[in-house]
Every structure is written in structure tokens, then in C-alpha cells.
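Take a look at the structure set out below.
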Amino acid sequence: MKRLYTFFTDDLLFSLSLLVALISCAFGRFSLDSIDFKVIFCLLGLMLLVKNFEKLGILTYFADKMIDYSANTRSLIRNIVILSFISSMILTNDVAILTLMPIYLTIIKKFPEMENKVFGAVLLIVAANLGSSFFPFGNPQNLFLFSYYSLSTLTFFKWSIVLLFSSTLFLLVSFLFIKKSVIPTQHTSIPTINKNKTVFLSMIGGFILLGIFNALPYYIVIPIAVMILAVYDKHLLTQLDYKLLGTFIFFFIAVGNFAQVELLSSFIKVQFTTSTRTFFGSVLVSQIISNVPAAILIAPFTDQSQALFWGVNVGGLGTIVASLANLIGFKLYKAYYPTQSKTFLWQFSAVNFVFLLFFLFFFAFIL
């Protein structure tokens, strides 16, 4: 009983998502179609790949390189946040966080006295969410909306460039709140990387990315990649965060079940009739069920595609569940600093609230 209690209380987000999924089964019929298996498979493959990179020392190598290119702690955080912002446009927000957060955490472990390290981690997540909104394939909700409304490329970029410029402006302002401190001189030499193993893992990573971008069938490519990585180092399988995968699955189940409730569907039809109501409503729904399910849930009931696009992308800011990428960032930070969960959540909420407030005022003005 004690082990069972520890299992569920150790990760309250996992336990809460399980509880919500079980409750939702009373309102809708459970279906495997509710689960986005592509997200689950891709997440599993990337988690295992990053673990292999970490063991090989590649993360430490890139961390040391980034330190060398940074004059002070502000420029260090700024560089990795900008990298997160740009890379998420192509790699998606989930992949950018999965790749860059471990590098950032490897960096700050070298400097225990460094200030603003939690703030830097939060900005990295915020930047990934905002940057991923620029291209249709940057995040799942954009890919869905692009396809569902049959948007032209020109129309999509007319909408997304507004987010790009406003996001860039506010991120640049946020860097001013990071204290400038001298980075201590490193006395350790940069580790030598095994080139053959690096090439091998990079090839596996390339195949995983081909699956993510639908260049190859993900349900074939990613399971094969996972099996190869498992054979390559089976011990790393025990180090993966399976509760994170479970949290995603439970959220998908809950949203799928609640979407079947006729009363809820009727309510949505009434609420999302104008651009303003659609924007603010989609932001609000995203805070509760995350922005990807919010887009899928709301789209069939409104023709306000532009407002919905802006709403679900801005809606990724806010609560820890507003974007599934937020959960990934939080879980990664918690894995490195398990005693700082409350501090992280407090700063995450505060920073996201400020960003969200800015965008709410901005889009309220232009809608």
C-alpha cells in the first residue's frame, strides 16, 4: 500500500489525468481513436534518443560550446531561448523542448549559484510554444486547422506572421529582466565525442524526424527506431518517464469522451459565433484541456478560423496543461531538480500569466 501511495502521490499531474480520464468514461464511450498514437510513439522515440545522446556526452558537449559562445548569463539564456524559438518552427515545440531543455539543464548544473535559471527554463518553453506557431507543421493544432479549414499557404502566413512579430518583441523585452552575471571560467576540458556512435544515433534521429514529418509512415519507422535503440542500450529503457506518456494518453481519453457529450457540443455551438468570443473562448478552453484538443473540439462548431488559430496558439500559454509541450518541459526540469517543482510551477505560472495578458490585450485590439 505504501508503494502504491508513493506511486500516485509522486506525480500528482499523472494521477489527476488518470482520475479525469476515469470520470470522463461515465460521459462518453471510450475509443482508441481518441488517443493520438503518433504523438505517443514520437514522444517515446525522442525520449529514448535524448537519453542515448545524454549518455554519450553529446548534451554536455553542446552545453560547453554554448557556454563558450556566451559572454554572461543573460546572453547564455538569451541564446538558448532564441534557439528554442527558431528551432520549434521546424522541429515542433515538443521536439525543441525535448532536445534543448536537457542541454540547458546540463548547462545550469555546472553553475549552482547561477540566478534566473528557472526563469530561463520557463522562457525556453514559452519560446518553443510561440515559435512553433509560424509554420503549419510547427505544432499539431496548426497542422489540424490548416487541413480542416483548407487554408491557403498565403492565408496561413498572414495570420502567423502577426504572432511571430508580437512574440519576438515580447521575448526581447523579457530578456531585460535577466540579471547579467559573469560566467565562471571552466577548468574542465570539452569531452571527446565518439564520432561513430554519434553518426549512428543521428541517423536514428533522422528516421524519427522523417516519421514525425510524415515523410515515412510513423507507425513503421518509429517503432523500428525504438527497437534499435532498445537493443543498442536496453538499460536506458528503465530510465524513461513512462508517467509522462501515461499523462498524454489519459488527456486524450478524457477529451475524446467529453467531446461526445451532447450538452457540451450544444454549448460550444452557441459560444463560438463571433471572432472575439471564439478567440477568448479558445484561449479559455486551452487552459483546461490544452490547445491541441481545444482546436479539435471547437473547429467543427465555428467558421471563425482566424480567431480560433490565434486563440489556440496563444492559449498554449497559461496553465501547465495549456500545452502538452508545457508538461514535457516541467517533467524534464523536475527530473533534474526534483526539489524545485513548486518553485518552477510558481515562476511558470507568473511568467505565462504576464505573456498571456499581453497577447489577450494585443489581439483584443486587432480583432
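Predicted, not measured: the structure shown is a model, and the values here were computed from it.
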Taking every heavy atom of Lys51 against every heavy atom of Gln239, the minimum-distance pair comes out as CE-O, 3.6 Å
- Within a strict 4.5 Å, meaning less than it, do heavy atoms of the Phe175 and Ile82 side chains meet? yes
Donor-acceptor contact present, side-chain Ser132 to main-chain Ala128, <3.5 Å
yes
Salt bridge (charged side-chain N to carboxylate O under 4.0 Å, His left out) pairs touching residues 70-88, sequence neighbours excluded, are none
**Prompt:** Counting distance only, does the side-chain N/O of Ser323 pair as donor-acceptor with the main-chain N or O of Gly316 below 3.5 Å?
**Reply:** no
Side-chain contact test, heavy atoms from C-beta onward, threshold under 4.5 Å: evaluate it for Phe170 versus Val354 and give yes or no. yes
Which of Val285, Asp303, Leu308 passes side-chain contact (heavy atoms from CB on, under 4.5 Å) with Phe272? It is Val285
Rounded to the nearest 0.5 angstrom, the CD1-CE distance for Ile328 and Met47 is 8.5 Å
- Query: Can you list the steps and then say if Ile108 with Tyr336 is a side chain to side chain contact (heavy atoms under 4.5 Å, CB included)?
  - Reply: CA-CA 10 Å; Ile108 63 178; Tyr336 277 73; over 6 Å; no
| task | I would like to know whether Ser305 and Leu145 meet side chain to side chain contact (heavy atoms under 4.5 Å, CB included); could you show each step before the answer? | result | CA-CA 8 Å; Ser305 52; Leu145 294 174; over 6 Å; no
message: For residues Ile125 and Trp346: do they belong to one hydrophobic cluster (side chain heavy atoms under 4.5 Å, members Ile, Leu, Val, Met, Phe, Trp, Tyr)?
response: no
How far apart are the C-alpha atoms of Phe355 and Ser167, what are their side-chain angles, what is the distance that settles it, and do they pass the side chain to side chain contact (heavy atoms under 4.5 Å, CB included) test? CA-CA 9 Å; Phe355 268 87; Ser167 300; over 6 Å; no
Between Val199 and Ile204, is there a shared hydrophobic cluster once you connect ILVMFWY residues whose side-chain heavy atoms come closer than 4.5 Å? no
* Asked: Do the side chains of Val314 and Leu163 get nearer than 4.5 Å, heavy atoms only?
  -> yes
For Gly120 and Val81, the nearest pair of non-hydrogen atoms, with its separation, is O-CG2, 4.0 Å
Checklist entry - So do Ser160 and Phe135 actually touch side chain to side chain, heavy atoms under 4.5 Å? => result no
What one should report as the nearest heavy-atom pair of Ser286 and Val312 is OG-CA, 4.0 Å
Worksheet item: Can you check whether Gln340's main-chain N or O pairs, donor with acceptor, with Tyr333's side chain at less than 3.5 Å?
Response: no
- Task: Just do the ring-ring contact (aromatic ring centres under 6.0 Å, His included) check on Phe344 and Tyr337 with the steps written out, would you?
- Result: CA-CA 9 Å; Phe344 179 90; Tyr337 295 97; over 10 Å; no
Would Leu357 end up clustered with Leu130 when hydrophobic side chains under 4.5 Å apart are linked, directly or stepwise? no
Rounding to 0.5 Å, atoms CD1 (Ile222) and SG (Cys42) come to a distance of 3.5 Å
* To do: With side chain to side chain contact (heavy atoms under 4.5 Å, CB included) as the test, would you mind laying out the steps for Thr274 and Phe280 before giving the verdict?
  => CA-CA 10 Å; Thr274 67; Phe280 285 102; over 6 Å; no
Tightest non-hydrogen contact, residues Thr73 and Ile178, listed as O-CG2, 4.5 Å
Sub-6.0 Å ring centroid separation between Tyr219 and Phe37: no
| request: Verify side-chain hydrogen bond (donor to acceptor under 3.5 Å, both in side chains) between Asn326 and Asn129, making sure each step is shown before the conclusion. | output: CA-CA 8 Å; Asn326 295 348; Asn129 279 323; 2.7 Å; yes
TODO: State, without any angle test, whether Asn139 and Asn93 hold a side-chain donor-acceptor pair at a distance under 3.5 Å.
DONE: no
- Message: Donor-acceptor pair, distance only, cut-off 3.5 Å: does the side chain of Ser133 make one with the backbone of Leu164?
- Response: no
### Message
Please tell me whether Ile161 and Leu169 are part of a single hydrophobic cluster in this structure, the criterion being side-chain heavy atoms less than 4.5 Å apart.
### Response
no
Mark yes or no for whether Asn194, through its side chain, and Lys197, through its backbone, hold a donor-acceptor pair below 3.5 Å. yes
Query raised in the report: More than 12 foreign heavy atoms under 6.0 Å from CZ of Phe207: is that the case here?
Result: no
Counting distance only, does the side-chain N/O of Gln287 pair as donor-acceptor with the main-chain N or O of Leu317 below 3.5 Å?
yes
When every non-hydrogen atom of Leu356 is compared with those of Gly318, the smallest separation belongs to CD2-CA, 4.2 Å
d(Leu48 CG, Ile228 CD1) to nearest 0.5 Å is 11.0 Å
Distance col, row Gln347:CD vs Asn116:CG, nearest 0.5 angstrom, shows 8.0 Å
### Query
Any chance CZ of Phe177 has more than 12 other-residue heavy atoms, nucleotides or ligands included, within less than 6.0 Å?
no
Item checked: Test of ring centre spacing under 6.0 Å for Phe365 and Phe361 -> no
State, yes or no, whether a side-chain contact exists between Tyr104 and Ile77 at a heavy-atom distance under 4.5 Å.
yes
CZ of Phe85 to CG of Leu123, rounded to nearest 0.5 Å, is 12.0 Å
Margin query: Set out, in order, the CA-CA distance, both residues' side-chain angles and the distance that settles ring-ring contact (aromatic ring centres under 6.0 Å, His included) for Trp310 and Phe279, then state yes or no.
Written below: CA-CA 7 Å; Trp310 283 338; Phe279 172 75; 7.4 Å; no
Requested in this report: Report yes if the side chains of Phe362 and Val162 come closer than 4.5 Å at any heavy-atom pair, otherwise no.
Outcome: yes
- Task: Look only at the side chain of Ser84 and the backbone of Ile80, and say whether a donor-acceptor pair between them is shorter than 3.5 Å.
- Result: no
Do Asn142 and Asn313 pair up side chain to side chain, a donor and an acceptor below 3.5 Å, judged on atom types alone? yes
| said: Check for me, please, whether Phe363 and Val173 land in the same ILVMFWY cluster - side-chain distances under 4.5 Å, paths through other members count. | reply: yes
Original post:
Below 4.5 Å, heavy atoms only, C-beta onward: do Leu229 and Leu201 meet side chain to side chain?
Top reply: yes
- Hey, do the aromatic rings of Phe146 and Phe309 have their centres closer than 6.0 Å? no
Minimal heavy-atom distance between Val283 and Gly311, with the atoms involved, is CG2-O, 3.4 Å
Rounded to the nearest 0.5 Å, the CG atom of Asn291 sits from the CD1 atom of Ile298 at a distance of 10.5 Å
Assess, by modelled atom type and distance only, whether the side chains of Ser275 and Thr278 contain a donor and an acceptor separated by less than 3.5 Å. no
Open item on the list: Can you confirm whether more than 12 heavy atoms, excluding those of Phe353, are under 6.0 Å from its CZ atom?
Closed with: no
May I ask you to test the Ile320-Leu327 pair for a side-chain heavy-atom distance under 4.5 Å? yes
